[in-house]
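Notes for the one structure printed next.
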Amino acid sequence: MIKKEGSFKYLEIKNISKNFGETFVLKNIHLDVFKGEFLCLLGPSGCGKTTLLRIISGLERQTNGDIVQDGLLISNSPTEKRDFGIVFQSYALFPNLNAKQNIAYGLENKKINKKEIEKRTNNLIRLVGLEKNSDQFPSQLSGGQQQRVALARAMALSPGLLLLDEPLSALDAQVRSKLRNEIKLIQKKLNLTTIMVTHDQTEALSMADRVVVMERGHIAQIGTPFELYENPITPFVADFIGKMNLLKGKYDKKNCVFYYLNNRFLISQNTEYSFLENCLLGIRPEDIEIIKFRKNIEKEENILRVKIKEITYLGTIFRLTVVLESKLEENIFVDVISNQVISNNLKIGDFIDIKLKKEKIKLFESNL
Amino acid sequence: MYFKKNLNKSFNILLLKILIIFVFILVSFFIIIPLLPLFLKSFSDNKNNFIGLENFINYIQNPSLTQSFINSLKVALTTTFFSVLIGFIYAYALTRTRLPFKKFFNTFSLFSLYIPPLAVAIGLIYIFGKQGLITQGFFGTIPGFDINLYGFNGIIIGEIFYCFPQALIILVSALNLSDQRLYEAAESLKASPLRKFLTITLPNIKYGLMNSFFICFILSFTDFGVPKVVGGNFNVLATDIYKQVVGQQNFAMGATISIYLLVPSILAFLIDKNFQKNEASLISGKSIPFKPRKNLIVDSIMFIFCSLILILVIGVFSSIVLASLIKIWPYDISLSLQNFRFSNVAGNGYEPYFNTVFMSIYTAIFGTIFVFFTAYLVEKFKPLKKIRMLIYFFSTLPIAIPGLVLGLSYILFFNKPSFSVPFLDFQIFNPFSLLYGTMGILVLANIIHFFTVCFISATTTLKQIDKEFEEVSESLKVPFYKTFLRITIPLSLPTILEIGSYYFVNSMITVSAIIFLYPAKIPVSSVSIVNMDDAGDTASAAAMSTLIVLTSLFVRLIYEFTSRNVSKKSSVWINPLET
């Protein structure tokens, strides 16, 4: 676990489990969140990320385990006694109150005078940039504006912890990327510890200080976006964060050679893999090169001769889907910059040689 | 290890639990517990000695009483068949055809909901009775025609008037849930109209169809008003109970017959409930509503059909009004308001009318508050799940409890100042007995009698309000009752008004729940209609009926006006923009 400099553990999640009857939703979750950190819970639907967020808020009760926030044990505290603000996927803005009234809703219940409420509400409105819309009702606001109201409302009581449950998923792509930056800016400015649930890996990678990848009720890996992309520790993480080709074969530890069908691949010496035999070779599409046709290719390492099955244009790059003649059903993806495809006049059905960059190859334990 | 702060106690959750338990006690004492003395009574003689099944055996051995049971079943099955059939065709015309003047037909289709069944029966007398307009050929101007009103025929016609709008409401909402895309898909596959009807339309509305079937069965099986007025010698269970209790003061036999009336209703209710459990929405949020196409033949047939139904409804209403304005039908047909004096009948004048209006206002106010708050506690919160489920079940039950049975059980329960604890020489004071002999018991009986429909409509509305509002409030440390007042009530205002007007109208027209309960010093108008009719003063009964219908319509108009204003005011936030 990396500890950021000058920050301390703000939230400790200790051995949290949650069952719904026979089926478990979360199993032995351990997680520390540091003060001022932006943490993302990332995973496919049904992985338990939203349940974990709801347990932190007290809206759902864990079956086992403890939560400590800012040195206080809050495992059994009711929601209203916990110190957090939340933004729901649906925003849940009160439709009969205008933007300003929505934002002031929590403040009005506190015993503070009207001037103070007015001042703090106006500050929040300014913070999220809604000066012109404060009198409008939610139905008169755009999706992005509604989102800002929900964010301001959640921050109104100056909570120590901000919880965001898929806050951007109802918005269209352009608004989403704009708001990503804004949320991040506000979060950093206020040094507000934030936990966001999302199923969108781009969102997680671009916003979070650290990402928690979850899979079927447990944590698959925790790390910075860079760590997760460069050093995924399971094939699930590897394929969920970005794209990874996974080839099943045998590993010879002594010689650092991986056998895939009748091809052999050399693996970097400095990597240590304790497991033997059946395992998975992982390589990202951008870490595969195309080699021009040459006669003496036997001398080159880590080469495969493949047939192009599909060419997909993705803007600056093409993604080629290629197959081995002996194994037509197993697709391998290769990302090639567009120029190369055009200048080599690559077509579906062409045979090409591809090279797997030795230093980029990962091996994973195969549990298939 | 960690700081101990008082973080674990929540006043709000405690308050919530207390409220849920409080409401649970109330619904138990108002709905379930009063039925117990009724059951006990049916196993006792009139001196309160336990006699086991003797009453039930006496009942079965009495051929005239068992005949009533068979008659009630016959009435219920026939009424149900015709009400659902007519309701379905009318609903189909409103939702799936290009019926001309649809708005008019839509508005007036529910007109008969504002006419008490008693009044419908009186109207029928003036049309089809011995001196009726049709029987006598419009005062002898054309050849007459006698349908033999008194007895089975009259009861059936009256009950259809009463039940058909109920079926119509259910079937219109079932038919409204449609998906144009299914019909387009079927058309592209070359399905015939009949096949489309059998494979798309019918499966889609089968729950609505079943529900309307059971509702009509329960209503017509247990109705008292129509058979009382036009039943003649054709006895049914409801009139038997009345005769036993009011005529012979035989409460034990009244209670026994009540059980015979209650059991089939509860059975129908449970079958229906079980059936509706399987209902899964076949219509997704992305559905495109069905848009009927022009079809000259179908549209014209529907127009003729719906017109005939409306002519009958309006005809019955007009004949009531006409009868109330005519001096001495059919001998002196000059117009006069003398029937509205109510001076020659028991001398009560307008007192019953005003009592009824006040009773209906109280029912509307207290009923709406109680029903909405109950639905809110059941629907919106997580604590005490089992108790909330029981409250839900109890709240849906009253629709299966016939008004007469409810009334009789209320007498038996509320007139006891105290209960004796079995085997102990100990008496418990019955606080609810304070209501006995006051208008309070009438209001309470009405609230419970019409509870189910109001409860379901409140629950449906509350379900549509985002459940995350409560969670947001919790996270903002705002107690639930503030959010209830500031958010939930404003958002539910249209439904709250609807419930209030439903309570008012039904309290105005009901007779069965209160006929045993009304204290002698508080006469009510629907009972005085029964008494005037019994005394042969049908014209005054028609006049009182006219007043009731006009009052109900007036209140409904106020409702329409208010709710239009409310929805205008709230339209800004009621139709959220799609994002």
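Chain identifiers are assigned alphabetically (A, B, ...) following the order of the sequence lines, protein sequences preceding nucleic acid strands; residue numbering begins at 1 within each chain.
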Are A:Asn109 and B:Lys477 close enough that a side-chain donor and a side-chain acceptor fall under 3.5 Å? no
Does a side-chain heavy-atom distance below 4.5 Å link A:Pro78 with B:Asn12? no
Considering only heavy atoms, which portion of B:Lys382 lies under 4.5 Å from any heavy atom of chain A: side chain, backbone, both, or neither? side chain
Which answer fits A:Arg54, side chain, backbone, both or neither, if we ask what part of it has an atom under 4.5 Å from a heavy atom of chain B? side chain
Is A:Asp83 in contact with chain B via its backbone, its side chain, both, or neither, using a 4.5 Å heavy-atom distance? backbone
Exceeds 12 heavy-atom contacts within 6.0 angstrom, atom CZ of B:Arg564: no
In terms of heavy-atom pairs under 4.5 Å with chain B, the winner among A:Leu157, A:Val87, A:Leu59, A:Ile86 is A:Leu59
Could you walk me through whether B:Val478 and A:Glu80 pass the side chain to side chain contact (heavy atoms under 4.5 Å, CB included) check? CA-CA 8 Å; B:Val478 178; A:Glu80 82 228 26; over 6 Å; no
Against chain B, label A:Leu93 side chain, backbone, both or neither, depending on which of its atoms sit under 4.5 Å from a heavy atom there. backbone
Do the non-hydrogen side-chain atoms of A:Leu107 and B:Leu476 ever get within less than 4.5 Å of each other? no
Tell me whether B:Tyr481 at atom OH has more than 12 heavy atoms from other residues, nucleotides or ligands lying less than 6.0 Å away. yes
Is the shortest side-chain N to carboxylate O distance from B:Arg486 to A:Glu108 below 4.0 Å? yes
Which distance, rounded to the nearest 0.5 Å, do you find between the CZ of A:Phe94 and the OG1 of B:Thr488? 8.5 Å
State whether the number of non-hydrogen atoms from other residues, nucleotides or ligands found under 6.0 Å of A:Gln174 atom CD is greater than 12. no
Checking A:Thr79 against B:Glu471: is there a side-chain donor and acceptor pair closer than 3.5 Å? no
A:Phe88 versus B:Ser475: any side-chain heavy-atom pair under 4.5 Å? no
Take a 6.0 Å sphere around CZ of B:Phe561 and say whether it holds more than 12 heavy atoms from other residues, nucleotides or ligands. no
Residues A:Tyr105 and B:Ser473: side-chain donor-acceptor under 3.5 angstrom: no
